[in-house]
Amino acid sequence: MKFFVISDNSDTYMGMRLAGMEGTVVHQYDETVAALKTAMEDPDIAVVLVTQKLVSLCQDLVYQYKQQSKTTLIVEIPDRHGSSHLEENLARYIKDAIGVKI
């Protein structure tokens, strides 16, 4: 099982490459959707890391993949330009998945 990173900047991508992860750098909505679809369809990829900026471009699609995928985990990661709204997203995900508001 492999990790795959989808980043909007080359610094984050290079850092992940140094850790042995494959990935891609994208900037537009269409590129992000295509990269995410490709990663989610690859049976060898277990975890997809996506920067916050890219998640905000296609938040509904990412959320849909999180809800439907049984084998691949999508993790939103902050980059050097990101702020952390991870708590809100995680709370929403838990509420929708199991019906408990935290």
Side-chain angles (χ1 to χ4, degrees):
M1 297 303 218
K2 298 188 292 187
F3 281 75
F4 190 84
V5 62
I6 303 172
S7 178
D8 62 305
N9 72 55
S10 58
D11 293 337
T12 301
Y13 171 71
M14 287 305 294
M16 296 300 181
R17 287 289 298 148
L18 289 171
M21 296 179 209
E22 295 182 22
T24 187
V25 177
V26 297
H27 300 287
Q28 306 294 324
Y29 173 81
D30 295 336
E31 296 172 324
T32 305
V33 170
L36 190 56
K37 181 180 178 190
T38 301
M40 295 301 289
E41 291 175 352
D42 187 335
D44 292 332
I45 295 175
V47 180
V48 179
L49 304 174
V50 186
T51 57
Q52 287 178 335
K53 183 177 177 183
L54 296 178
V55 169
S56 68
L57 286 178
C58 56
Q59 189 170 7
D60 291 336
L61 180 63
V62 170
Y63 186 69
Q64 180 181 352
Y65 275 132
K66 282 184 175 185
Q67 289 287 329
Q68 294 176 352
S69 180
K70 294 180 179 18
T71 58
T72 306
L73 177 67
I74 297 176
V75 179
E76 181 178 352
I77 59 170
D79 60 15
R80 64 184 178 151
H81 304 294
S83 63
S84 181
H85 297 286
L86 297 176
E87 297 85 12
E88 295 169 12
N89 293 336
L90 183 59
R92 180 178 141 207
Y93 180 64
I94 290 171
K95 180 179 176 271
D96 289 347
I98 61 174
V100 176
K101 183 176 180 181
I102 56 172

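Residues Leu73 and Val48 form no side-chain contact, since every pair of their non-hydrogen atoms from C-beta on lies 4.5 Å or further apart. Side-chain contact between Met16 and Ser7 is absent, with no heavy atoms from C-beta onward closer than 4.5 Å. Ile77 is not listed as a side-chain neighbour of Val50, based on a closest heavy-atom distance of 4.5 Å or more.
In terms of the side chain to side chain contact (heavy atoms under 4.5 Å, CB included) criterion, residue partners of Phe3 (sequence neighbours excluded) are, by chain and number, Met21, Val47, Leu49. Residues forming a side chain to side chain contact (heavy atoms under 4.5 Å, CB included) with Asp44 (at least two apart in sequence, or on another chain): Lys2, Asp42.
A distance of 7.5 Å separates CD in Glu76 from CD in Gln59, rounded to the nearest 0.5 Å. How far CG of Leu57 is from CD of Gln52: 12.0 Å, rounded to the nearest 0.5 Å. Distance CG/Asp11 to CE/Met14: 9.0 Å, rounded to 0.5 Å.
Under a 3.5 Å cut-off, the side chain of Thr12 and the backbone N or O of Thr51 do not form any donor-acceptor pair.
Nearest heavy atom pair, residue Tyr65 against residue Lys37, reads OH-CA, 3.6 Å. Heavy-atom minimum distance, Ala39 versus Phe4: CB-CD2, 3.8 Å. Minimum interatomic distance between Met1 and Pro43 (heavy atoms only, all atoms of both residues): SD-O, 4.2 Å.
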Margin query: For Val5 and Arg17: C-alpha separation, side-chain torsions, deciding distance, then whether side chain to side chain contact (heavy atoms under 4.5 Å, CB included) applies.
Written below: CA-CA 9 Å; Val5 62; Arg17 287 289 298 148; 5.9 Å; no
Contacts under 3.5 angstrom, residues 27-36 side chains, donor-acceptor by atom type, not counting sequence neighbours:
from, atom 1, to, atom 2, distance (Å)
His27, ND1, Asp8, O, 3.2
Glu31, OE1, His27, N, 2.8
Glu31, OE1, Gln28, N, 2.9
Thr32, OG1, Gln28, O, 2.8

